[in-house]
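Okay, so here's the structure we're looking at.
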Amino acid sequence: MAPGIPAAMERPHFIGIGGAGMSGIAKILALRGAKVAGSDSKESPTAEALRALGATVHIGHAAAHLADDASCVVVSSAIRADNPELVRAAELAVPVVHRSDALASLMTGTRAIAVAGTHGKTTTTSMLAVALSSLSLDPSYAIGGDLEGPGTNATHGDGDLFVAEADESDRSFQKYDPEVAIVLNVELDHHANYASMDEIYASFETFAGKIVPGGTLVISADQSGAVELTRRVRAAGDTTVVTYGEAADADVKVHKITPRGLTSEVTVLLNGKFLTFTVSVPGRHYALNAVAALAAGVALGIPAHNLASALGTYTGVKRRLQLKGEAAGVQVIDSYAHHPTEMTADLEAMRGAAEAGSRILVVFQPHLFSRTQELGTEMGQALALADASVVLDIYPAREDPVPGVTSDLIIDAAKAAGADVTAVHDQADVPAAVAGMAKAGDLVLTMGAGDVTDLGPQILDHLSK
């Protein structure tokens, strides 16, 4: 057995191997020497990157894709019970392993840092992974998005640190035993799995309870849900809690955030000393993510001034206010925001970065029927922060349509809030429409967690013509 590979993971088969979470685990296993195989619905750069590491990647799902000698089948919560490869696994009595259990097994024996929260996980995990790497600590990491520099979402490092994005959506983050856990915020989302804030709090309390003895919870001192979770964790036991933020009582106090175009300069007060560093993406929320990463690194015993300098080497992660290009004087930026809080934060960041007279134009694709049903009004209100918006049909992902739930819920709320918003049902019509709206100096945001990201290069192509 190759070193560092759990026995069950010697010959894993991933259903949906091209997904952000699944591909990261597959990459780490391939780098450790496992015989990785899997399938995905369509060809992608991720599939090619996995093949370059020696993995076998099939396109489409079929029972024949599952090898008879597979040691396990890895699935995410999005894989349906009637998937032919999952059905075949049952016939062959091949063990089925959830993605979170596979990741937890890779983290065994490391000093794990798990990053959780309703928003900001990918960015914060990325910032910490980049900073630790620049300090030559060679961490392993698994992230929900590709880093701009390395161009990957995961790697196997020879150091003893493992940085992982911890997903609360299906409670899978409760599988990990981190030395340091970060909680950025606590809000009601993932309505198919959580019926109330009490259920959310209970889930995050369980996550915090998995921190190893002597470990640390790093948590926001600003966001109301995080403040309530801090109260509950402190009341429940002796976990060391370090708060960060702009609140007066924060342990790591944000003294000042200074916007500088598409970057920010952040000054914090830590242990009686001021530290200033640069964050390569605009917006208060990304600056606070960087401070969370700083606090987590200090909890690991890394000198704060080293971390502050290392965080300045972060160059961004794909889909998190990622500049896709510029044509005809118009910048096109890609945003993964799909929850009203995220949408508001990114639009406010863009407003702060925009020059006087520049307009913000948004192409928004709602993600999931359940989220639109619960939060459609708030999404529409967020779009009122833009100068004009185009709203696409709902991206269903893993869900079936819900009668009566359409993008009209968002559009009606946006119009009620005074927004200039237009519905476009055929995505093929979007690039020309947006190019016709935009003028030199404008910022165009493609926003959402679905395939709206594919429209950025098409919009740039139309603008260039």
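Classification of Glu43 and Arg51 as a salt-bridged pair holds, one side-chain N sitting under 4.0 Å from a carboxylate O. For the pair Arg171 and Glu199, the salt-bridge criterion is met [side-chain N within less than 4.0 Å of a carboxylate O]. Between Arg231 and Glu228, at least one side-chain N (NZ, or NE/NH1/NH2) sits under 4.0 Å from a carboxylate O, which counts as a salt bridge.
One finds the CD1 atom of Ile17 at 9.5 Å from the CD1 atom of Ile59 (value rounded to the nearest 0.5 Å). Once rounded to the nearest 0.5 Å, the distance linking OG of Ser140 with CG of Leu132 reads 11.0 Å. With values rounded to the nearest 0.5 angstrom, Leu106 atom CG is found 11.0 Å from Asp101 atom CG. Distance check: Leu217 CG to Thr230 OG1 gives 6.5 Å after rounding to the nearest 0.5 Å. For the atom pair CE (Met379) and OG (Ser389), the distance works out to 13.5 Å, reported to the nearest 0.5 Å. Summarising the geometry, atom CE belonging to Met22 is positioned 11.0 Å from atom CG belonging to Leu50; distances are rounded to the nearest 0.5 Å.
Contacts of Phe173 classified as ring pair (Phe, Tyr, Trp, His ring centres under 6.0 Å), with partners at least two apart in sequence or in another chain: Phe204, Phe207. Residues meeting the side chain to side chain donor-acceptor pair (under 3.5 Å) test with Gln458, sequence neighbours left out: none. Take Ala413 and apply the side chain to side chain contact (heavy atoms under 4.5 Å, CB included) test, not counting sequence neighbours, and it matches Thr377. Remark: Tyr336 pairs with His338 by the ring pair (Phe, Tyr, Trp, His ring centres under 6.0 Å) rule, at least two apart or across chains. With sequence neighbours excluded, the residues forming a side chain to side chain donor-acceptor pair (under 3.5 Å) with Glu205 are Arg232, listed by chain and number. Every residue two or more places apart in sequence or in another chain that forms a salt bridge (Lys or Arg N to Asp or Glu O under 4.0 Å) with Glu179 is listed here: Arg111. The side chain to side chain contact (heavy atoms under 4.5 Å, CB included) test applied to Val75 returns Ile15, Val73, Ile79, Leu86, Val96, not counting sequence neighbours. Qualifying side chain to side chain donor-acceptor pair (under 3.5 Å) partners for Thr372, counting only residues two or more places apart in sequence or in other chains: none. Residues that satisfy the side chain to side chain donor-acceptor pair (under 3.5 Å) test with Gln223, not counting sequence neighbours, are absent from this structure.
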_Derivation of the side chain to side chain contact (heavy atoms under 4.5 Å, CB included) call for Tyr244 and Val218_ = CA-CA 7 Å; Tyr244 71 92; Val218 174; 3.8 Å; yes
_Before you tell me yes or no, could you show the steps for Val279 and Leu311 under side chain to side chain contact (heavy atoms under 4.5 Å, CB included), namely the whole-Å CA-CA distance, both residues' side-chain angles and the distance that decides it to 0.1 Å?_
CA-CA 7 Å; Val279 181; Leu311 283 166; over 6 Å; no
*Using the side chain to side chain contact (heavy atoms under 4.5 Å, CB included) rule, take Val36 and Thr56 through it: C-alpha gap first, then chi angles, then the decisive distance, then the call.*
CA-CA 6 Å; Val36 175; Thr56 299; over 6 Å; no
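Between Pro282 and Met350 the shortest side-chain heavy-atom distance falls below 4.5 Å. Two residues are said to be in side-chain contact when any heavy atoms from C-beta on lie closer than 4.5 Å; Asp68 and Leu92 meet this criterion. The closest side-chain heavy-atom distance from Leu229 to Val183 is below 4.5 Å. Counting heavy atoms from C-beta on, the side chains of Thr122 and Glu165 come closer than 4.5 Å. Put simply, the side chain of Val363 reaches to within 4.5 Å of the side chain of Val452, judged on heavy atoms. At least one side-chain heavy atom of Ser370 sits under 4.5 Å from a side-chain heavy atom of Glu399. Looking at Phe369 and Pro396, their side chains come closer than 4.5 Å, going by heavy atoms from C-beta outward. Leu135 has its side chain within reach of Leu307: a pair of non-hydrogen atoms, C-beta onward, lies under 4.5 Å apart.
Looking only at distances, a side-chain donor or acceptor of Thr206 sits under 3.5 Å from a matching main-chain atom of Ala202. At distances below 3.5 Å, not a single donor-acceptor pair connects side-chain atoms of Thr123 with backbone N or O atoms of Gly120. A donor-acceptor pair is defined here as one N or O able to donate and one able to accept, closer than 3.5 Å; such a pair exists between the side chain of Ser220 and the backbone of Asp222. A donor-acceptor pair is defined here as one N or O able to donate and one able to accept, closer than 3.5 Å; such a pair exists between the side chain of Thr108 and the backbone of Ala104. A distance-only check finds no donor-acceptor pair linking the side chain of Thr344 to the backbone of Thr341 [under 3.5 Å]. A donor-acceptor pair under 3.5 Å is absent between the side-chain atoms of Thr240 and the main chain of Thr216, judged by distance alone. Judged by distance alone, the side chain of Thr263 and the main-chain N or O of Val281 form no donor-acceptor pair under 3.5 Å. Within the 3.5 Å criterion, the main-chain N or O of Thr243 finds a donor-acceptor partner in the side chain of Asp251. Under the 3.5 Å distance criterion, the side-chain polar atoms of Thr124 are left unmatched by any main-chain donor or acceptor of Lys121. Between the side chain of Arg88 and the main chain of Pro84, no donor-acceptor pair closer than 3.5 Å is present.
By the neighbour-count criterion of 12 heavy atoms within 6.0 Å, atom CG of Asp238 is sparsely surrounded, having that number or fewer from other residues, nucleotides or ligands.
Residues His61 and Asp40 have side chains that never bring a donor and an acceptor to within less than 3.5 angstrom of each other. There is a side-chain donor-acceptor pair under 3.5 Å between Asp334 and Thr446. A donor and an acceptor atom, one from each side chain of Ser335 and Asp346, are located under 3.5 Å apart. A donor-acceptor contact closer than 3.5 angstrom is absent between the side chains of Asp198 and Ser196. In this model, no donor atom of one side chain and acceptor atom of the other lie less than 3.5 Å apart for Glu168 and Ser203. Side-chain polar atoms of Lys27 and Thr155 form no donor-acceptor pair below 3.5 angstrom. Asn153 and Ser23 share a donor-acceptor pair across their side chains, judged by distance under 3.5 Å alone. Side-chain N/O atoms of Gln365 and Asp451 include a donor and acceptor closer than 3.5 Å.
Each ring pair (Phe, Tyr, Trp, His ring centres under 6.0 Å) pair with one or both residues in residues 63-107, not counting sequence neighbours, appears once here: His58-His65. For the ring pair (Phe, Tyr, Trp, His ring centres under 6.0 Å) condition, the pairs that include at least one residue of residues 107-128, sequence neighbours left out, are His119-His339.
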Check: residues 400-409 side-chain donor-acceptor pairs under 3.5 Å, at least two apart:
unit_1: Asp400; atom_1: OD1; unit_2: Arg80; atom_2: NH2; d: 3.3
unit_1: Thr406; atom_1: OG1; unit_2: Asp408; atom_2: N; d: 3.1
unit_1: Ser407; atom_1: OG; unit_2: Leu392; atom_2: O; d: 2.5

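Closest of all the heavy-atom pairs between Tyr141 and Ser133 is CE2-OG, 4.4 Å. The two residues Val233 and Ala208 have their closest heavy-atom pair at CG2-CB, 3.9 Å. Residues Glu187 and Met197 share a closest heavy-atom pair of C-SD, 3.9 Å.
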